[in-house]
Undergrad: 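Have a look at the structure that comes next, please.
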Amino acid sequence: MTLMRLLLIMLLPAALAAATKIESYAVQLHATQEGQGQGTVTLSLSDCTPGMLVVPLGFSAPEALKIEESPVGVKLELGPRNGMTSLHFHFPEGMPAKAILRFSFAVKQVFQVLQLAPGEKSTLPKGSRLFRHAFVNTQETPIGTYRLELLLPEGFMAQAVREQLPKPKKHEVGPRVLLSKAAGHQTATLQFTDLHQGDDTSMVLELVPTQRSIGWLLAGLLLAGLYLVKFKDLIAKSRPVPAA
Amino acid sequence: MEKMTLSSKTREAQSPTERWMRYLGFPGGILLFLIILFLPPGAGLSASAQSGAACFALALVWWVTEPFPTYVTSLVLMLLLLVTRTSNAKAIMDVLGMEVIWLNLLAFILSSMLVKTRLAKRMALWLVVRFGHKATWALLAFLVLQLVLAPLIPATAARCVMTLPLMIVVATIYGSTEATPNAFGKNLMLLNLACISVLSSVTMTGSSANLIAVGLIQNMGGHRVYYMDWMRVGAPVAILTMVLMWLLGQKLLFRMKPEEQVPQVEGGLDLVRRQYEAMGPLGFQEKKAIAIFGLVLFLWMTDIFHMRWFGVEISAPFAALLGAVIVLFPRWGILSWAEADIPWHLLIFSAGAYAGGLALDDTGAAEWGVRMLFGGMNLKGVPFGVTYTVVISVMMYSHLLTTSKTVRTLIMIPIIITLAKALGWNPLSLALPAALCIDWVVGLPISGKPNVVLFSTNQFTVSDNFKYGMMTCTIGVLILVLSGATWFHWLGITPSFWAVAP
């Protein structure tokens, strides 16, 4: 038993040194108004070694998985691993040390569907959507940078970032989730660096229609007009003397 | 002079301009609210941040033009934050339980004690007899008082509340009351408002936000800032600015009429002297008040030792709470609850203002505004002096966007350090001078806790505060830029203003 342990300790550094490294893991997800999503994942790898590389995927039921860019001979299949949906890449002999892997997938429902029990109060107004995403690195291979960019459907904007974890550390500039704009859509980008096995990051985003209720405009203009009429005495030259 | 009631009555509009502002302020606020709300969504702005900015803009217009009393505007703001889904009910309601609200409430109990025992009157009369031959020297006495207190008591609200009774009585002696405020009252209140905040930047322990900035400069910028490093750059800038404001306030902003420059009590300074002498020696109740106030003051000044001494830190509100318990204690105390003059309208105003400010911070609207300010400028390849001036100006005036010094520090200092690195400058050269601006929260009554307290005296308007605050900040920027080109450069903190990074 002791000899086995000794052998393991001696072999472990060599095995680690030879392991494929994931420099960056970037996901771009386009969501439609109906709730479908089309995702593209780009993995930047270094120290690639022939064999199998298992990578976690933060989406539970991806469909139409398709490799878009990879070195010749790389194969991809889905498989469960540590209770999560994972991607199993098979690297052939002669795999280049540095490689970019790009693949696409589809998701049937990217927004959370809230089922209210009879009599239960809704926590979201009509027309709102909730996007929830969590990513856990279930594998031994550390991930340099994980980045998920969600392109909001047309006609929607982020009401608020309800959750963004983990909290940014002191040396990190900016929030965990950054709102921006790309290709005419508002985007929400979740970014976290240096994910070791067991590390996780997540965001919850509430989406609302871009169009504001016209009620605000009507109520505001009505109030302003009423005030201008009813408080005209404020600027009258001879103002009534207030009662003592 | 015996009375120190903080009125909740709306100040009557004095001039035709003020009346027009009041008349147009209401629809103007609504219009601005609607414009911001219906603007196309900003790239990095969430809907809640946009509606938060709209609500805050409406409140700001109403606070400045005063179509309603300020506390009613605060109540409207709280309601708007809920119905626009900017904040949730709990976040809005919780504001009334914030440390600053409790400190205000408890400190007013202590102030009532000073007024009831006539200790505030005695101290004010002494101050006027000693320095008050001319109003200008009385104002200078307050500047010196705040300069002495600043390194001793880091809590700005505590410093404000302990000197407030003195300010009110001295203002009354010079004829400035809440019903008929005059230029002396404006100068006195606004000079103290600015001194309390600005002089906190004399030392790095002047506020907790300063210490956060020092930590960020060390962790992100790789430079350790020592106590004396901070003081030799912070003290000259802050003191020089306040001395200039002492002069400019009286000579330029709020010119005092000749009759306002001398005590306006019948009989003049002689009567003040006679009144002071007539008070006789300190009475038992006054001595008790000194002991209670001394205990609270001692706890405020020694907070860094509390954990070692008592095993628990007695924060500023809890030190005041202890004082209030003793003051209100049956038979042994000094006041009954009915005698405590607590300005609830001020607490409601503060709660609304803080709810609005926190909403700007929590929704990311403040951070977005700051990023837009920096992001819109291309500072690559420009001389250091230009970058330095831009950074100092943005840092100085950004206090108008947020009510929290800590939040502003956490947002701005990392951005400035990153910017310095990206442009090829030593992070210390921009971050340390920028950190000196953290405490200068003087632009609006809602910009800082002392501002909220002093605004309740009704001696100045929101626009008076804005004028005085903007002048203070502008002079601060000018002195900081001048120091950056000379004094800081000689100390080795900043490079030459004409230098261009490789």
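Values in this document were obtained by computation on a predicted structure and should not be read as measured data. Below, all heavy atoms of this structure are taken into account, side chains as well, without hydrogens, waters or symmetry copies. Residue numbering restarts at 1 for every chain, and letters A, B, ... go by the order of the sequence lines.
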Undergrad: Flag yes if more than 12 heavy atoms outside Gln112(A) fall under 6.0 Å of its CD atom; otherwise flag no.
TA: yes
Undergrad: Would you say that more than 12 heavy atoms from the other residues, nucleotides or ligands in this model lie under 6.0 Å from the CD of Glu68(A), or not?
TA: yes
Undergrad: Top residue by heavy-atom pair count (under 4.5 Å) with chain A, among Ile417(B), Val83(B), Thr363(B)?
TA: Val83(B)
Undergrad: Atom CD of Gln159(A) and atom OG of Ser51(B): how far apart are they, to the nearest 0.5 Å?
TA: 6.0 Å
Undergrad: Counting N and O atoms only, with roles assigned by atom type, does the side chain of Arg19(B) sit under 3.5 Å from a partner on the main chain of Leu234(A), one being a donor and the other an acceptor?
TA: yes
Undergrad: Which atom names give the shortest non-hydrogen contact between Val208(A) and Ala47(B), and what distance separates them?
TA: CG2-CB, 4.0 Å
Undergrad: Would you mind checking which part of Leu37(B) comes under 4.5 Å of any heavy atom in chain A, side chain (CB onward), backbone (N, CA, C, O), both or neither?
TA: both
Undergrad: Give, as side chain, backbone, both or neither, the part of Leu80(B) having an atom under 4.5 angstrom from any heavy atom of chain A.
TA: side chain
Undergrad: I want to check something: taking the side chain as every heavy atom from C-beta on, are Leu24(B) and Ile235(A) in contact at a cut-off of under 4.5 Å?
TA: no
Undergrad: I need the residue from Thr86(B), Thr84(B), Leu31(B) with the largest number of non-hydrogen atom pairs under 4.5 Å to chain A.
TA: Thr84(B)
Undergrad: Which heavy atom of Ala160(A) sits nearest a heavy atom of Ser48(B), and at what distance?
TA: CB-OG, 3.7 Å
Undergrad: Look only at the side chain of Tyr23(B) and the backbone of Lys232(A), and say whether a donor-acceptor pair between them is shorter than 3.5 Å.
TA: no
Undergrad: Please flag which part of Leu223(A) lies under 4.5 Å from any non-hydrogen atom of chain B: side chain, backbone, both or neither.
TA: both
Undergrad: Is the distance between the ring centroids of Trp216(A) and Phe38(B) under 6.0 Å?
TA: no
Undergrad: Could you tell me which portion of Glu206(A) (side chain, backbone, both or neither) has an atom closer than 4.5 angstrom to a non-hydrogen atom of chain B?
TA: side chain
Undergrad: Looking at CD of Gln186(A) and CG of Leu45(B), how far apart are the two atoms once the value is rounded to the nearest 0.5 Å?
TA: 8.0 Å
Undergrad: Ring-plane angle category for Tyr227(A) and Phe26(B), please: parallel below 30°, perpendicular beyond 60°, tilted otherwise.
TA: parallel
Undergrad: Between Pro27(B) and Leu228(A), what is the shortest heavy-atom contact and its length?
TA: CG-CD2, 3.6 Å
Undergrad: Write down the atom of Ile30(B), the atom of Ala224(A), and the distance for their closest heavy-atom approach.
TA: CD1-N, 4.0 Å
